[in-house]
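Computation of the quantities below employed the complete heavy-atom set of this structure, encompassing side-chain atoms and omitting hydrogens, waters and symmetry-equivalent molecules. A quick note: this is a predicted structure, and the numbers were derived from the prediction, not measured.
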Amino acid sequence: MAFRRRKSYPLFSQEFVIHNHADIGFFFVLCVLIGLMFEVTAKTAFIFILPQYNSSIQTLDGEILYYHYGVKDLVTILFYVVIAIILHAIVQEYILDKINKRLHLSKVKQSRFNESGQLAAFHLASMFWCLYVSATEGYLSYPKTLWESYPHVYLPFQVKFFYLCQLAYWLHALPELYFQKVKKEEVPRQLQYIVLYLLHIAGAYLLNLTRLGLILLLLQSVAEFLFHIARLFYFTDENNQRLFNAWGVVFVITRLFTLTLSVLTIGFGLARAEVHTFNPDKGTLNTLLFRMVVLLLMCVSQTWMMWRFIHFQLRRWRECCKEQAARKRSVAVAMMKQQAKVIKRESGYHENGVVKAENGSTPRQKKIKSP
């Protein structure tokens with residue numbers, strides 16, 4: 001993996017870590033892969049690379065391998081956090097930095113352009129991955145599978161691997177705030193959506209709501225991808241704001257579908273298989289209190305997002321009104337200047353280089369007395 005040659009820094013210093021974090025991560029991944037080649041370290045290396053806690057279940061189609069969650073998942077997530085840091089550096093260095101050199105953006109716009117570029121690439125990959133997993137597992141063609149046979153303790157390989165990678169990506173975003181030298185004013189805003197994603201994804205994974213979580217992540221990825229694409233086009237041309245209007249429509253539809261699916265699955269679907277004993281060890285969480293708490297949290301999060309969206313749209317509308325008012329003022333000032341020039345010209349005109357009055361007579365020149 002060849003990165004561009006950088007300035008040398010003292011080993012283990014702050015500058016060394018910031019400018020060489022991708023190379024350090026690549027070295028760690030290489031050590032884990034080399035560990036697969038030896039019998040002594042192969043078992044430990046597999047814990048980093050592959051999902052753990054697998055068990056075979058006998059079905060009509062034969063023996064199928066399923067997975068459930070456990071503490072060893074943290075080791076696997078750590079490995080893919082490092083992979084995400086390396087991919088982040090590759091996208092930044094070989095795509096976004098080259099585009100930034102051509103656009104000549106300011107530091108603030110450059111930081112937001114890099115943020116939107118990274119998230120647009122991630123949400124595009126996440127959108128197609130969600131769509132593939134949901135389609136192959138039958139969650140889209142048979143919506144009843146979202147709540148049937150709950151709790152969904154045992155997961156197919158691709159579902160568990162998808163959730164581990166999602167958690168790894170959003171966990172890698174935390175150290176990236178330090179590596180990318182994000183300004184202090186931007187850190188609270190970015191921490192908000194990072195924590196929100198981690199809570200929703202980890203909640204769906206630990207509460208055995210992985211099927212519902214997949215569909216909701218698919219909807220969210222579509223809206224977020226459109227938003228960041230709109231931001232990228234806006235930074236290249238500030239007059240290009242049509243995609244923001246399309247994103248506004250998709251965002252509202254996404255919020256409505258999210259609430260509808262949540263109420264349908266948790267409020268009505270899981271109510272048919274309600275249990276009276278709360279036992280997290282066996283995955284039996286489907287009590288009335290559990291469903292009410294989850295629905296309440298979903299409603300609060302969606303309401304907060306809608307409030308932020310309305311606040312964003314109102315701010316955009318005010319900025320547009322101010323810009324239109326400024327344009328009208330500039331046009332009015334230009335018109336007044338043109339009218340003033342026309343009035344000056346009408347007060348007298350030139351004929352053969354001599355100024356004529358309004359009646360056509362030449363004004364007399366004043367005699368200058370000799371001293």
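No more than 12 heavy atoms of other residues, nucleotides or ligands shown are found within 6.0 angstrom of CZ on Phe233. More than 12 non-hydrogen atoms from other residues, nucleotides or ligands lie less than 6.0 angstrom from CZ of Phe79.
Nearest heavy atom pair, residue Ile215 against residue Ser134, reads CD1-OG, 3.7 Å. Here the closest heavy-atom approach between residue His68 and residue Lys160 is recorded as O-NZ, 2.6 Å. Taking each heavy atom of Leu232 and Ser116 in turn, the nearest pair found is CD2-CB, 3.9 Å.
Note on Ile266: it does not cluster hydrophobically with Leu288, by side-chain heavy-atom contacts below 4.5 Å among ILVMFWY residues. In this structure, Met305 is a member of the same hydrophobic cluster as Val249, with clusters built from ILVMFWY side-chain heavy atoms closer than 4.5 Å.
Ion pair Glu186/Arg189 flagged as a salt bridge, since at least one NZ, NE, NH1 or NH2 atom sits closer than 4.0 Å to an Asp/Glu carboxylate oxygen.
Judged purely by atom type and a 3.5 angstrom limit, Gln158 has no side-chain atom pairing as donor or acceptor with the backbone of Pro156. With hydrogens and angles ignored, the 3.5 Å screen pairs a side-chain donor or acceptor of Thr145 with a backbone N or O of Tyr142. At distances below 3.5 Å, not a single donor-acceptor pair connects side-chain atoms of Ser111 with backbone N or O atoms of Val108. In this structure, Tyr69 contributes its side chain and Tyr53 its backbone to no donor-acceptor pair below 3.5 Å. At distances below 3.5 Å, not a single donor-acceptor pair connects side-chain atoms of Ser126 with backbone N or O atoms of Phe122. Side chain of Thr265 to backbone of Ser262: no donor-acceptor contact under 3.5 angstrom is found. With Gln118 contributing its side chain and His88 its backbone, the two residues share a donor-acceptor pair below 3.5 Å. A donor-acceptor pair is defined here as one N or O able to donate and one able to accept, closer than 3.5 Å; no such pair exists between the side chain of Tyr80 and the backbone of Tyr169. With hydrogens and angles ignored, the 3.5 Å screen pairs a side-chain donor or acceptor of Thr76 with a backbone N or O of Ile47. Remark: the backbone N or O of Trp170 is not paired with any side-chain donor or acceptor of Tyr197 at under 3.5 angstrom.
Distance check: Phe227 CZ to Phe251 CZ gives 9.5 Å after rounding to the nearest 0.5 Å. Rounding to the nearest 0.5 Å places NE2 of His228 at 4.5 Å from NE2 of His123. Atom CG of Leu270 is separated from atom CG of Asn208 by 10.5 Å, given to the nearest 0.5 angstrom. Put simply, CG on Leu216 and OG1 on Thr258 are 5.0 Å apart, with the number rounded to the nearest 0.5 Å. Taken from CE in Met292 to OG1 in Thr287, the straight-line distance is 10.5 Å, to the nearest 0.5 Å. Taking CG of Leu196 as the reference point, atom CG of Leu191 lies at 11.0 Å (rounded to 0.5 Å).
Two rings, from Phe157 and Tyr67, have their centers less than 6.0 Å apart.
The shortest side-chain heavy-atom distance between Tyr163 and Leu214 falls under the 4.5 Å cut-off. At least one side-chain heavy atom of Gln192 sits less than 4.5 Å from a side-chain heavy atom of Trp304. With contacts defined as side-chain heavy-atom distances shorter than 4.5 Å, the pair Phe235/Leu103 does not qualify. A heavy-atom distance below 4.5 Å is found between the side chains of Leu131 and Leu140. Considering only heavy atoms from C-beta on, Thr44 stays 4.5 Å or farther from Val32 through its side chain. Side-chain contact between Glu176 and Gln190: absent, with no pair of heavy atoms (C-beta onward) separated by less than 4.5 Å. The side-chain heavy atoms of Trp147 and Asn286, taken from C-beta on, include no pair separated by under 4.5 Å. Side-chain contact between Leu36 and Phe46 is present, with heavy atoms from C-beta onward closer than 4.5 Å.
A cation-pi arrangement is not found for Arg272 relative to Phe268, the charged atom failing to lie both closer than 6.0 Å to the ring centre and inside a 45° cone about the ring normal.
Relative orientation of the Phe244 and Phe312 rings is tilted, given thresholds of 30° and 60° on the angle between their planes. The aromatic rings of His152 and Tyr150 sit perpendicular to each other, their planes meeting at more than 60°, with 30° as the lower class boundary.
Arg308 and Gln313 share no donor-acceptor pair across their side chains, judged by distance under 3.5 Å alone.
A search for salt bridge (charged side-chain N to carboxylate O under 4.0 Å, His left out) contacts involving Glu148 returns nothing, not counting sequence neighbours. Partners of Ser56 according to the side-chain contact (heavy atoms from CB on, under 4.5 Å) rule, which considers only residues two or more places apart in sequence or in another chain, are Glu63, Leu65.
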Could you walk me through whether Phe162 and Leu217 pass the side-chain contact (heavy atoms from CB on, under 4.5 Å) check?
-> CA-CA 11 Å; Phe162 172 81; Leu217 278 174; 3.8 Å; yes

Start with the C-alpha gap between Phe113 and Tyr234, add the side-chain angles, then the distance that decides, and say whether side-chain contact (heavy atoms from CB on, under 4.5 Å) holds.
-> CA-CA 10 Å; Phe113 182 87; Tyr234 173 77; over 6 Å; no

